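By convention here, the first residue in the shown sequence is residue 1. Please read all numbers here as calculations on a predicted model, not as lab measurements.
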Amino acid sequence: MDGRDKPGHDKSRGWRVTRTLEVSAVIVCAVAVAASAIWVASLPPLPFAEAKKVSTTILDRNGKLLRAFAMADGRWRLPAHAKDVDPGYLNLLLSYEDKRFRSHIGVDPLAMGRAAFQLVTRGHIVSGGSTITMQVARLMEPRQERSVTAKLRQMVRAVQLERKLSKDEILNLYLTLAPFGGNLEGVRAASFAYFGKEPKRLSLAESALLVALPQSPETRRLDRHPEAARAARDHVLALMVADGRVSADDAAQAKREPVPRLRKPMPLLAPHSTDQSLAIMKDTPLIQLTLDSTIQKALESLARDRAIALGPDVSVGILAVDNESGDVLAHVGSSDYFDTRRAGQVDMTRAVRSPGSTLKPFIYGLAFEDGFVHPESLIEDRPIRYGSYAPENFDMTFQGTVTVRKALQMSLNVPAIALLDRIGSNRLTARIKQAGANLILPKDETPGLAMGLGGVGVTLNDLVRLYSGFPRLGETTALREIVRPDDAAEPETRRLLDPSAAWLVGNVLMGTPPPDNAPHNRLAFKTGTSYGYRDAWSVGFDGRMTIGVWVGRPDGAPVPGLTGRTAAAPILFDAFARTGKLPMALPKAPKGTLMASNAKLPLPLRRFRPSGDFVRTGSEQALRIQFPLNGSRIDAYGRGEAGQSAMPVKVAGGVLPMTMMVNGVAVGNIDSRRQKLVDPPGPGFVRLTVMDATGAADTVVVRIQ
């Protein structure tokens with residue numbers, strides 16, 4: 001306290017005697033400070049390193065606390081700064097503890113003189129004369145004894161502190177080190193423990209309580225001595241009324257507020273993400289993540305509620321990502337971190353599971369890129385066998401002839417396997433790896449057609465990264481959760497698909513029938529169900545973000561009836577709604593994207609023909625690109641239609657008319673001489689495809705330099 005007397009003190013002594021004693025005490029105080037200055041040379045340096053040790057705190061992208069970890073000795077000491085504390089609390093603190101804090105040199109002779117006068121006239125200590133700087137000095141060098149020598153040491157240390165630090169830095173140290181009972185240190189830790197919030201906005205009653213507790217933190221502990229804490233709070237309020245800093249009505253209303261009797265738990269959002277960041281960023285007191293605490297809290301609540309409804313052993317994992325930056329906005333590793341039955345501490349966003357049908361969009365994307373199908377092409381959904389493998393649809397029925405668009409939206413298995421057979425499972429695997437994700441294959445096995453229906457392992461983290469490549473028009477970027485000072489301004493991107501192919505996939509998925517009671521054309525999304533009902537998936541995106549959902553048992557046991565459409569898709573739509581963000585449209589179609597009905601498509605694109613349909617009869621020659629050769633490096637030359645450098649493409653065989661495609665985009669027809677000048681998109685690798693009237697096609701990849 002800065003020396004104010006308690007209500008009811010003896011006012012009978014004359015002003016002259018009072019003033020004489022105060023002045024004498026000030027002189028004695030000044031002499032004591034001057035005499036003790038000779039200690040400075042012998043005192044060890046101030047223990048700033050120890051004072052700067054704080055609990056590791058992990059913040060979200062906006063600076064909000066996600067989680068704090070206790071120090072090694074169990075203390076909660078959260079870093080606090082005056083700019084982040086309620087101004088009303090600071091005004092109350094300085095008025096009560098040290099009203100001349102901004103002007104003294106660490107020791108306040110007037111406060112010391114008043115304290116000495118009270119001691120002489122009362123015969124006991126009424127109030128202390130310690131400044132906030134002296135209290136910081138005592139907190140930095142805690143000592144049990146209360147003696148004149150200890151007080152003189154604090155005074156010398158206070159002067160040293162004032163010479164080394166600014167007033168704001170000293171105040172910040174007090175706000176961080178002040179004891180509040182038990183293992184709580186600092187106003188921020190106390191505010192979380194007693195009020196469950198940051199000290200940015202405190203009521204008058206809360207502010208007065210936090211001012212009173214450090215005076216005697218153990219005898220006023222709220223969880224042990226709440227009535228003593230209430231009395232101390234009310235005393236602070238009474239003094240502030242007497243000093244004219246608080247109105248009597250406001251103080252009376254504040255005194256009616258109850259004091260907390262139990263401590264609240266410290267914030268614990270994103271436990272899996274914070275665990276991982278702590279392991280990566282060792283010995284770092286402050287860690288910032290890309291998560292948005294508001295979205296994180298909403299999706300954690302969603303996962304917990306839906307898991308309870310689905311059964312006692314079922315867990316839920318959710319990952320939300322910003323499309324543009326790759327920043328992870330929410331990371332829900334399980335439905336309940338502390339639920340051992342659901343293996344809550346296992347992070348299911350990083351667990352390798354069977355993806356079911358969620359890889360199908362990438363099969364269709366490669367087919368669009370290669371130019372042998374279009375969303376409006378017709379494809380057969382009929383029984384077919386590939387050696388000993390005979391794919392079947394989930395409902396054990398066949399749809400007959402359907403459009404490619406409908407085949408993907410209905411997640412039909414047979415058309416997807418037919419396209420994968422044409423593309424090649426090795427090429428699909430290589431492209432996914434090129435995009436930055438990993439497919440885990442059984443030991444000693446190579447990719448096969450079954451991978452298109454979930455015959456591989458993948459993580460939710462990798463799936464979300466891949467799907468975010470669709471709204472990014474074919475480019476993926478690494479997902480980021482930890483904000484590092486050395487992060488590149490522009491994240492590195494990897495190629496997933498050509499822009500037109502990526503856009504076509506997104507356009508098709510936007511029309512996928514939503515789950516019951518969900519809005520149509522709200523999200524581009526895909527579901528998946530692994531063999532034996534072990535994993536249910538749903539991944540969706542709009543123009544702003546991509547969210548992936550996994551549902552299942554962490555131990556891999558089947559859950560009868562668990563499907564992506566009934567279990568995961570409703571969670572996905574609810575997750576987008578709970579982010580609080582309005583839907584954002586997908587990007588516009590890239591220039592050159594073929595938009596046409598089936599009747600207006602080039603003849604080879606009107607119907608998909610499996611590989612076996614390319615066998616020629618009679619003297620007809622097979623279609624073949626004669627120039628350029630596959631894998632060649634060539635210089636662009638000649639003049640194209642737009643006047644820029646171009647290169648010739650020459651073909652042999654095939655049946656006219658023939659369509660020429662560059663990177664999956666139609667650029668015109670081959671002329672009667674079976675050649676065409678092509679404008680390359682620029683330096684780098686280019687895929688050239690020619691398709692004839694019968695559906696036969698040939699493709700080469702060349703490097704333009």
Side-chain angles (χ1 to χ4, degrees), residues 361-377 404 419 422-424 427-428 430-435 466 469-476 493-508 586-596 601-602 604-605 608 623-638 640-642 644-651 658-670 675-692 695-705:
F362 307 104
I363 298 173
Y364 284 81
L366 284 175
F368 296 154
E369 181 179 295
D370 286 351
F372 57 79
V373 290
H374 181 273
E376 306 309 324
S377 301
V404 168
L419 294 177
R422 176 80 174 268
I423 294 165
R427 180 158 170 251
L428 175 63
R431 181 60 66 86
I432 288 176
K433 184 176 181 180
Q434 174 183 301
L466 290 172
F470 292 125
R472 289 174 58 92
L473 295 182
E475 290 186 342
T476 67
T493 59
R494 296 194 178 190
R495 179 173 176 266
L496 173 67
L497 293 168
D498 288 334
S500 292
W503 184 88
L504 287 172
V505 172
N507 179 262
V508 172
L586 294 176
K588 295 181 180 179
K591 185 178 180 180
T593 302
L594 180 59
M595 308 285 289
L601 288 174
L605 283 177
F608 169 72
L623 173 64
R624 179 169 58 88
I625 297 177
Q626 290 183 314
F627 183 87
L629 297 177
N630 188 41
S632 60
R633 298 187 180 189
I634 62 175
D635 295 321
Y637 54 89
E641 295 175 0
Q644 70 270 29
S645 297
M647 66 177 176
V649 175
K650 298 181 180 180
V651 301
M658 300 181 188
T659 302
M660 181 76 225
M661 287 172 281
V662 177
N663 291 335
V665 177
V667 295
N669 293 331
I670 299 293
Q675 63 183 23
K676 180 176 177 58
L677 281 178
V678 173
D679 301 327
F685 290 98
V686 177
R687 172 175 286 98
L688 305 174
T689 302
V690 177
M691 181 178 292
D692 73 0
D698 191 23
T699 298
V700 297
V701 177
V702 298
R703 182 171 183 175
I704 307 298
Q705 56 188 15

Value rounded to 0.5 Å, distance of [atom1] in [X] from [atom2] in [Y]:
{"X": "L497", "Y": "R431", "atom1": "CG", "atom2": "CZ", "result": "6.0 Å"}
{"X": "L366", "Y": "D498", "atom1": "CG", "atom2": "CG", "result": "9.5 Å"}
{"X": "D698", "Y": "R624", "atom1": "CG", "atom2": "CZ", "result": "8.5 Å"}
{"X": "R422", "Y": "I363", "atom1": "CZ", "atom2": "CD1", "result": "14.5 Å"}
{"X": "F368", "Y": "N507", "atom1": "CZ", "atom2": "CG", "result": "9.0 Å"}
{"X": "Q434", "Y": "R495", "atom1": "CD", "atom2": "CZ", "result": "6.0 Å"}

Side-chain contact test, heavy atoms from C-beta onward, threshold under 4.5 Å: evaluate it for [X] versus [Y] and give yes or no.
{"X": "V686", "Y": "V701", "answer": "no"}
{"X": "V700", "Y": "L629", "answer": "no"}
{"X": "V690", "Y": "D692", "answer": "no"}
{"X": "L504", "Y": "Y364", "answer": "no"}
{"X": "N669", "Y": "K676", "answer": "no"}
{"X": "P648", "Y": "L677", "answer": "yes"}

Residues which pass side-chain hydrogen bond (donor to acceptor under 3.5 Å, both in side chains) with T699, listed by chain and number, not counting sequence neighbours: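 In terms of side-chain hydrogen bond (donor to acceptor under 3.5 Å, both in side chains), with neighbours along the sequence ignored, T699 is linked to T689.
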
Could you tell me which residues satisfy side-chain contact (heavy atoms from CB on, under 4.5 Å) with R472, sequence neighbours excluded, listed by chain and number?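 Testing R472 for side-chain contact (heavy atoms from CB on, under 4.5 Å), a comparison that skips the adjacent residues, returns E475, T477, T493.
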
Taking only distance into account, with no hydrogens and no angle test, what donor-acceptor pairs under 3.5 Å do side-chain atoms of residues 586-595 form with protein atoms, sequence neighbours excluded?
unit_1	atom_1	unit_2	atom_2	d
T593	OG1	S500	OG	2.9
T593	OG1	P590	O	2.8

Taking the inter-plane angle between the rings of F608 and F372 on a 0 to 90° scale, is it parallel (under 30°), tilted (30 to 60°) or perpendicular (over 60°)?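 Rings of F608 and F372: tilted, 30 to 60°.
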
Output, in order, the C-alpha distance, side-chain angles, deciding distance and verdict of side-chain contact (heavy atoms from CB on, under 4.5 Å) for N630 and V702. CA-CA 6 Å; N630 188 41; V702 298; 5.9 Å; no

